[in-house]
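Remarks on the structure that follows.
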Amino acid sequence: MSGQAPGPAAASPTTRVLAQARFEAVGLLRHGEQLLVSMVLPIIALVSLALVPYPELAVGPWAGAARIDVLTPGVLALAVLSTAFTGQAILLGFERRWGVLRLLGTTPLGRGGLLLAKGLSVLVVLLVQLLVIGAVAVALGWRPELLGAAPALLALLLGAGAFAALAACLGGSLRAEAVLALANLVWVLLAVGGGLLVPTQSLPGGQLLSLLPSAALADALRSALVLGAWDGRALLVLLAWVVLAGAAARRLLRWSD
């Protein structure tokens, strides 16, 4: 009596995570509204602010630098906010409402694998964003300091981690409609007065604003890409946000409404 042929081997955990990450990244890149917030609006901000002489951007440690050199790191930080926070918070809110999050958490991928896949998808989308925005900035005359590549990369990873954790706090605890409204409101407030496009040195209450994750990320990127330097204070602020927001997300994230 001949035995039955063995079935296909189960996919490894790494394969599952990578497959889900690819699915999530493609979904983010194909979503028209999210693409508008994550790609188009930062580029509009970059081009428009590069072509006008106000507000003053080359202030504080970056005094004397070219306007486009100070502006571009802030726009890159805005892109991180758009994808890691706004996009992920809204996505989590609606995935909870539709029951998708609970369903995916019960698959062999598991909850941990799902969160890891989401994190990887954010990094993939961010890479695409940074390449496109960077190309536009170079065309406008941006000349980044190459010695700042390492601190810039660390700042981007910490910033993405902090904003993703904050997205989990918001999108994992409130109703989808509330998440949609609040996530977009926070985006606008931080873009205008959170130290992203305009350095905190040019804003009232700059010392206090510098403790925001948006300002810390932008300051760390400016120090890296304008001066080629490590901004230890800004990086520590980002690390604190990663730890605190991560701890809060573990308590607040609900897998279903």
Side-chain angles (χ1 to χ4, degrees), residues 7-42 78-129 157 159-190 213-214 241-257:
S12 67
T14 300
T15 301
R16 296 171 191 156
V17 169
L18 293 178
Q20 183 66 26
R22 182 173 61 251
F23 174 81
E24 299 261 353
V26 170
L28 288 173
L29 292 172
R30 287 181 176 176
H31 195 285
E33 294 178 358
Q34 176 56 29
L35 192 62
L36 173 68
V37 174
S38 63
M39 191 81 73
V40 178
L41 291 182
L78 180 62
V80 175
L81 169 69
S82 302
T83 295
F85 176 74
T86 307
Q88 284 302 303
I90 294 172
L91 181 61
L92 279 172
F94 281 96
E95 283 185 340
R96 284 176 51 239
R97 177 177 179 176
W98 296 329
V100 174
L101 201 62
R102 181 182 66 245
L103 178 62
L104 289 175
T106 62
T107 65
L109 182 66
R111 294 184 175 185
L114 176 60
L115 294 177
L116 179 57
K118 285 184 173 294
L120 290 175
S121 71
V122 167
L123 294 180
V124 170
V125 174
L126 280 178
L127 177 61
V128 175
Q129 285 179 273
L157 291 175
F163 282 121
L166 289 170
C169 293
L170 182 63
S173 60
L174 301 180
R175 293 178 61 86
E177 293 82 2
V179 173
L180 180 62
L182 285 174
N184 283 301
L185 177 61
V186 169
W187 187 92
V188 172
L189 292 176
L190 292 182
S214 53
W241 276 101
V242 170
V243 174
L244 294 175
R250 292 186 63 181
R251 297 180 63 89
L252 295 175
L253 177 60
R254 301 198 308 264
W255 290 82
S256 61
D257 282 333

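Both backbone and side-chain heavy atoms feed into the values below; hydrogens, waters and symmetry mates do not.
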Verdict with supporting geometry, L81 and L78, side chain to side chain contact (heavy atoms under 4.5 Å, CB included): CA-CA 5 Å; L81 169 69; L78 180 62; 4.1 Å; yes

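- Every salt bridge (charged side-chain N to carboxylate O under 4.0 Å, His left out) that R97 has, sequence neighbours left out, goes to E177.
- Note that the OG atom of S214 and the CH2 atom of W187 stand 12.5 Å from one another [nearest 0.5 Å].
- Here the straight-line distance linking atom CZ of F163 with atom OG1 of T86 works out to 8.5 Å at 0.5 Å rounding.
- Contacts of L189 classified as side chain to side chain contact (heavy atoms under 4.5 Å, CB included), with partners at least two apart in sequence or in another chain: L185.
- Rounded to the nearest 0.5 Å, atoms CG (L115) and CD (Q20) are 10.5 Å apart.
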I90 and N184: CA distance, side-chain angles, deciding distance, side chain to side chain contact (heavy atoms under 4.5 Å, CB included) verdict: CA-CA 9 Å; I90 294 172; N184 283 301; 3.9 Å; yes

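- The stretch residues 115-128 participates, sequence neighbours left out, in these side chain to side chain donor-acceptor pair (under 3.5 Å) pairs: E24-K118, E95-K118.
- The OG1 atom of T83 sits 11.5 Å away from the CG atom of L127 when rounded to the nearest 0.5 Å.
- Residue L18 holds its CG atom at 8.0 Å from OG of S12, rounded to the nearest 0.5 Å.
- With contacts defined as side-chain heavy-atom distances shorter than 4.5 Å, the pair V186/L170 does not qualify.
- Annotation: the span from R254 atom CZ to L174 atom CG amounts to 7.5 Å, rounded to 0.5 Å.
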